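Excluded from the calculations below are hydrogen atoms, water molecules and symmetry mates; all remaining heavy atoms, backbone and side chain alike, are included. The sequence lines fix the lettering, A, B, ..., with proteins before strands; numbering per chain opens at 1. Treat the numbers as computed from the prediction; the structure is a model and nothing was measured.
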2 protein chains.
Amino acid sequence: MNNNQHIQLLINHINQDVILDNDVIKKLSSIIVFNELNKKEFLIEPGETADSMNFIVQGCMRSYYLDENAQEHTLQLGIEEWWINDLYSYLSRKKSRMYVQALEKTLLIQLPRLELEKLYIEVPEISNFFRIKIQNAYVAVQERVIDSMSDDAYERYDNFRKSYRNIEQRVPQYIIASYLGVTPEFLSYLRKKHS
Amino acid sequence: MNNNQHIQLLINHINQDVILDNDVIKKLSSIIVFNELNKKEFLIEPGETADSMNFIVQGCMRSYYLDENAQEHTLQLGIEEWWINDLYSYLSRKKSRMYVQALEKTLLIQLPRLELEKLYIEVPEISNFFRIKIQNAYVAVQERVIDSMSDDAYERYDNFRKSYRNIEQRVPQYIIASYLGVTPEFLSYLRKKHS
DNA sequence: TTCCATTCTTAAGATACCTTAAGTTTTTTC
DNA sequence: GAAAAAACTTAAGGTATCTTAAGAATGGAA
């Protein structure tokens with residue numbers, strides 16, 4: 001695949017929510033930065049500030065943080081046509097406390113914050129699109145709070161498999177466990193019990 | 001207290017984040033709606049759509065939802081000078097699945113969405129202010145996900161007391177339990193054990 | 001002031017989930 | 001293709017939290 005096809009993937013994705021004309025597509029294309037990450041490579045590490053929106057063209061990524069006991073907790077997973085970021089750092093412009101990492105060799109389209117914000121002024125559709133994305137991110141996080149309070153671990157795992165059918169096979173189980181908030185051993189036990 | 005003093009409370013609150021001149025204050029004042037709720041009265045119930053931003057002038061409120069087993073789960077608590085809402089419903093304009101309820105006789109200042117959005121166009125400071133509030137809401141929810149994965153129930157209770165010192169005394173313990181994600185019996189047990 | 005409803009506590013027994021440790025399987029590296 | 005590293009499984013024993021049920025304390029209404 002060449003860069004034009006990659007850009008087309010992004011345009012099609014955005015077109016699902018708002019309509020972009022050719023002029024806007026040209027403007028948007030002009031601020032795109034491609035970034036290729038190897039497996040296990042970090043896009044963001046604690047102390048850095050997230051300064052772009054990141055669209056996965058090809059590959060698989062996650063964001064996670066380490067608690068006081070150096071335990072990993074995965075906050076977000078993403079594959080092709082998902083956005084990945086530390087949205088907190090991006091929005092607040094403060095230093096991240098998280099890692100954003102490639103789980104496979106991954107190709108990203110990045111939209112730098114400063115140039116994107118200039119585009120918002122000229123192109124309300126782009127502004128609307130990211131407003132919707134940020135709303136969705138809020139809803140997704142709130143859903144997790146709700147789930148973590150009302151569901152037990154197996155129900156959460158079951159929900160996860162339904163919502164992320166394509167992701168499950170590509171991600172090690174210990175990372176799924178760290179997303180669900182259980183130990184890998186307990187997830188393994190649950191899988192056996194319900195199989 | 002009279003309405004002008006109540007409006008002043010809101011203005012002072014907003015002034016902590018952005019600077020409003022007299023002209024803006026006049027415009028903002030003109031869209032304010034006061035709303036008084038009795039104890040246990042609902043501001044929002046499932047099926048309704050949140051159509052205003054709601055600032056607590058006096059009183060205490062919470063938002064919660066019921067899971068499949070009719071268990072209450074408290075998502076947000078607020079007292080004087082806090083905002084309370086179902087932000088998901090407000091932002092997405094979809095029907096709420098939550099209750100937003102007064103825990104005491106409560107006086108609100110409401111800013112209707114349609115008029116507020118008109119103001120955003122004229123007054124970027126107001127738009128910025130709510131952008132910051134929504135960012136903060138996102139961060140707060142994400143903090144809860146992180147806490148629920150890394151802390152045990154007593155740590156969460158301890159964090160809650162530090163963050164919401166003024167709220168703890170005004171809210172029944174079973175509601176705090178439903179915020180922390182534990183049973184009231186277990187919270188009672190924890191309090192005794194650590195006292 | 002009394003009564004009824006609401007909230008809080010206590011305790012016993014049950015369950016979900018964790019810790020540790022060891023062995024097995026799969027993936028990566030050279 | 002062999003060796004090393006990473007990921008997964010199993011199982012035993014422990015801890016955190018829940019369920020149920022009953023009684024005690026508190027608060028609101030008449």
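A:Lys26 and A:Glu122 are not joined by a salt bridge, as no carboxylate oxygen comes within less than 4.0 angstrom of a charged side-chain nitrogen. A salt bridge between B:Lys27 and B:Glu125 is absent, with no side-chain N of the basic residue lying under 4.0 Å from a carboxylate O of the acidic one.
For A:Tyr88, there are no ring pair (Phe, Tyr, Trp, His ring centres under 6.0 Å) partners two or more places apart in sequence or in a different chain. For the ring pair (Phe, Tyr, Trp, His ring centres under 6.0 Å) test, no residue two or more places apart in sequence or in another chain qualifies with B:Tyr120. Every residue meeting the side-chain contact (heavy atoms from CB on, under 4.5 Å) condition with B:Arg93, not counting sequence neighbours, appears here in chain and number order: B:Arg113, B:Glu117. Shown here are the side-chain contact (heavy atoms from CB on, under 4.5 Å) partners of B:Asp67, two or more places apart in sequence or in another chain: A:Ser150, B:Tyr65, B:Asn69, B:Gln71, B:His73. For A:Tyr174, the ring pair (Phe, Tyr, Trp, His ring centres under 6.0 Å) criterion is met by no residue, not counting sequence neighbours. Every residue two or more places apart in sequence or in another chain was checked for a ring pair (Phe, Tyr, Trp, His ring centres under 6.0 Å) with A:Tyr157, and none qualifies. Annotation: side-chain hydrogen bond (donor to acceptor under 3.5 Å, both in side chains) contacts of B:Ser89 (sequence neighbours excluded): none.
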Using a 4.0 Å heavy-atom cut-off to protein, can you give one letter per nucleotide of nucleotides 8-18 of chain D, 5' to 3': B if the base is in contact, S if only the sugar-phosphate is, - if neither? SBB------BS
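Counted by atom type alone, B:Gln16 and B:Asn12 present zero donor-acceptor pairs between their side chains at under 3.5 Å.
The CD1 atom of A:Ile176 sits 19 Å away from the P atom of D:dA6 (whole-angstrom rounding).
No donor-acceptor pair closer than 3.5 Å links the side chain of A:Glu115 to the backbone N or O of A:Ile32.
Note on the helix from C:dT1-D:dA30 to C:dC30-D:dG1: angle between the axes of the first and last five pairs equals 60°, rounded to 10 degrees.
At a non-hydrogen distance threshold of 4.0 Å, nothing from residues 59-74 of chain B comes into contact with DNA chain C.
Along DNA chain C, read 5' to 3', the first and last nucleotides having any atom under 4.0 Å from a heavy atom of chain A are C:dC17 to C:dT28.
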Report, one line per pair, each donor and acceptor closer than 3.5 Å where one atom sits in a side chain of residues 41-51 of chain A; sequence neighbours left out.
unit_1: A:Glu41; atom_1: OE1; unit_2: A:Asn38; atom_2: N; d: 2.8
unit_1: A:Glu48; atom_1: OE1; unit_2: A:Glu45; atom_2: N; d: 3.3

